[in-house]
Amino acid sequence: MSRLSFAWHRLIPRSLGAAALVLVGLTSLTSTAPLAAQASDPLVSALSKMDATNRFTIQTIMDSARAIQLPDAPLRSRVLQGVQKKASAGQIVASLRQKFNLLRTARTALGQVTDNELDAASAVLEAGGKPTQLASFKARQKGREAVEAFTDLADLISRGVPGEEASSAIAKLWQDGADDATFHSLWNNVQADISQGLNPGTALQNRIRETPAARTATPQSKPPEGQQENQRSE
Amino acid sequence: MIDSERHPYVEYIAREARRPVVIDPAAARERIMAAVRAEPLPRRRSVFWEHIVAPRSFTLSPVASSLIAAGLIGIGVLAGALASNGSNRDGRPPAGQGDPVALGLPVSDTVVRFVFVAPNAGKVSLVGDFNDWDETRAPMIRADKDGRWSVTLPLSIGRHQYAYVVDGTWHADPSAPMTGDGFGHMNSVKVVNKGSTL
């Protein structure tokens with residue numbers, strides 16, 4: 001029986017082999033650094049601990065979001081939060097899918113807005129607001145964001161203020177040019193009143209009249225119909 | 001031309017050329033040796049250097065070359081891990097580290113101070129989207145005997161969700177707007193503008 005051996009290394013000159021070795025080493029040094037950085041990414045680490053099906057679903061949702069230019073950060077945050085709260089992979093996927101849909105709906109309602117506004121608007125929808133209520137914020141002034149307005153609106157709805165009342169009141173303030181401090185002050189007063197037992201809707205109607213924007217409003221800028229009815233009924 | 005017609009200068013040269021040369025061998029040797037000694041000696045390389053720079057050939061088996069390549073890859077991974085450690089994906093330092101207030105640094109436009117009252121708590125941490133919800137990255141410090149816990153962080157301008165982890169249990173901040181966390185509980189929201197504090 002003849003012994004077969006293939007001395008492949010003899011075919012390559014030694015100097016060439018050494019050069020190739022150095023090249024491999026340098027390539028490794030430059031190419032593995034980003035990989036190592038990626039490996040230390042908490043999201044990558046979290047996904048690596050999930051089963052293949054859920055991992056694939058999460059990656060697909062994230063990819064879909066990128067494809068339609070939805071912000072990546074709120075989705076990433078949702079996954080990491082679920083992991084830290086020790087939610088099951090199924091719960092994380094469901095929550096992520098819900099957030100994706102909310103962001104997409106908010107985008108449809110508002111058009112092109114900043115990532116922060118879109119995230120805040122999706123929180124309004126998550127709290128129970130409707131896409132049509134977001135549409136009131138579509139007409140916007142250049143350089144002005146509705147992040148604080150959406151944040152306070154989402155909170156008020158989650159505290160029990162009827163969505164229609166809350167959105168019309170906040171949208172009216174926003175259209176009248178109220179600044180972030182005005183929104184935050186309004187929210188602070190309303191939540192304090194609710195904490196003391198006042199009806200959430202009534203608390204909002206009482207406090208909205210105290211805002212500087214409402215006090216200085218021109219006669220032409222009448223509050224929406226629903227709001228007027230509520231004021232009369234008090 | 002005959003000899004009598006020679007120029008006196010030519011005659012002088014011819015006379016000098018005909019004079020026999022007298023050489024003193026000992027003196028010549030001395031002069032030569034003195035000249036040699038005056039020349040600086042060439043620098044001799046050390047044995048160690050000679051050993052290092054001497055060309056040589058070596059053989060490397062495929063197994064050995066694979067091991068060396070694996071080692072280099074390992075060094076690359078280690079270097080990458082060290083490079084990425086200590087900074088977030090966006091290049092900011094991890095929350096809780098480099099506390100500008102604690103370090104006595106000037107307060108920037110986006111430094112936010114978080115305060116939570118928990119008199120009976122043993123450990124309180126701040127978690128949020130700014131630190132990947134990791135409770136180890138922004139531990140809060142008990143500020144006084146009234147049970148106020150605080151931490152000051154540099155935050156980017158924008159909307160941030162956060163919560164406090166009190167002895168392992170997550171709590172929303174009662175002094176901030178709330179939003180659903182997507183898992184049946186509530187988070188708090190901080191909108192950071194230029195010059196924000198909390």
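Reckoned from all heavy atoms, side chains included, excluding hydrogens, waters and symmetry mates.
- If you measure heavy-atom distances from A:Ala127 to chain B, you find no contacts under 4.5 Å at all.
- Within 6.0 Å of the CZ atom in B:Arg148, the count of heavy atoms belonging to other residues, nucleotides or ligands does not exceed 12.
- Between A:Lys85 and B:Asp181 there is a salt bridge, since a side-chain N of the basic residue sits under 4.0 Å from a carboxylate O of the acidic one.
- The two residues B:Phe183 and A:Ile92 come nearest to each other via the heavy atoms CE2-CA, 3.9 Å.
- With a 4.5 Å cut-off on non-hydrogen atoms, A:Ser158 touches chain B through its side chain but not through its backbone.
- The shortest non-hydrogen separation linking A:His184 to B:Pro177 is CE1-CD, 4.1 Å.
- Using a 4.5 Å cut-off on side-chain heavy atoms (C-beta onward), A:Arg159 and B:Met178 make contact.
- Here B:Gly182 is the residue among B:Gly184, B:Gly74, B:Gly182, B:Gly158 with the most heavy-atom pairs under 4.5 Å with chain A.
- Of all the listed residues (A:Ser195, A:Ala73, A:Gly82, A:Pro74), the one sharing the greatest number of non-hydrogen pairs under 4.5 Å with chain B is A:Gly82.
- Remark: of the listed residues B:Asp132, B:Asp134, B:Val127, B:Asp132 is the sole one forming a side chain to side chain contact (heavy atoms under 4.5 Å, CB included) with A:Leu80.
- A:Ala123 approaches B:Arg159 most closely through the heavy-atom pair CB-NH2, 3.4 Å.
- If you measure heavy-atom distances from A:Asp180 to chain B, the contacts under 4.5 Å come from the side chain alone.
- Heavy-atom neighbours of B:Glu16 CD from other residues, nucleotides or ligands within 6.0 Å: above the threshold of 12.
- Closest heavy-atom contact between A:Asn116 and B:Ile157: ND2-O, 4.2 Å.
- Within 6.0 Å of atom CD in A:Gln59, more than 12 heavy atoms from other residues, nucleotides or ligands are found, so the atom counts as buried in its surroundings.
- Of the N and O atoms on the side chains of A:Gln81 and B:Asn187, at least one donor lies less than 3.5 Å from an acceptor on the other residue.
- For the pair B:Asp129 (side chain) and A:Ser77 (backbone), a donor-acceptor distance under 3.5 Å is absent.
- The distance from the CG atom of A:Asp179 to the CG atom of B:Asn193 is 10.0 Å, given to the nearest 0.5 Å.
- The CD atom of B:Gln161 sits 9.0 Å away from the OG1 atom of A:Thr151 when rounded to the nearest 0.5 Å.
- Atom CE of B:Met186 sits about 7.0 Å away from atom CG of A:Asp155, to the nearest 0.5 Å.
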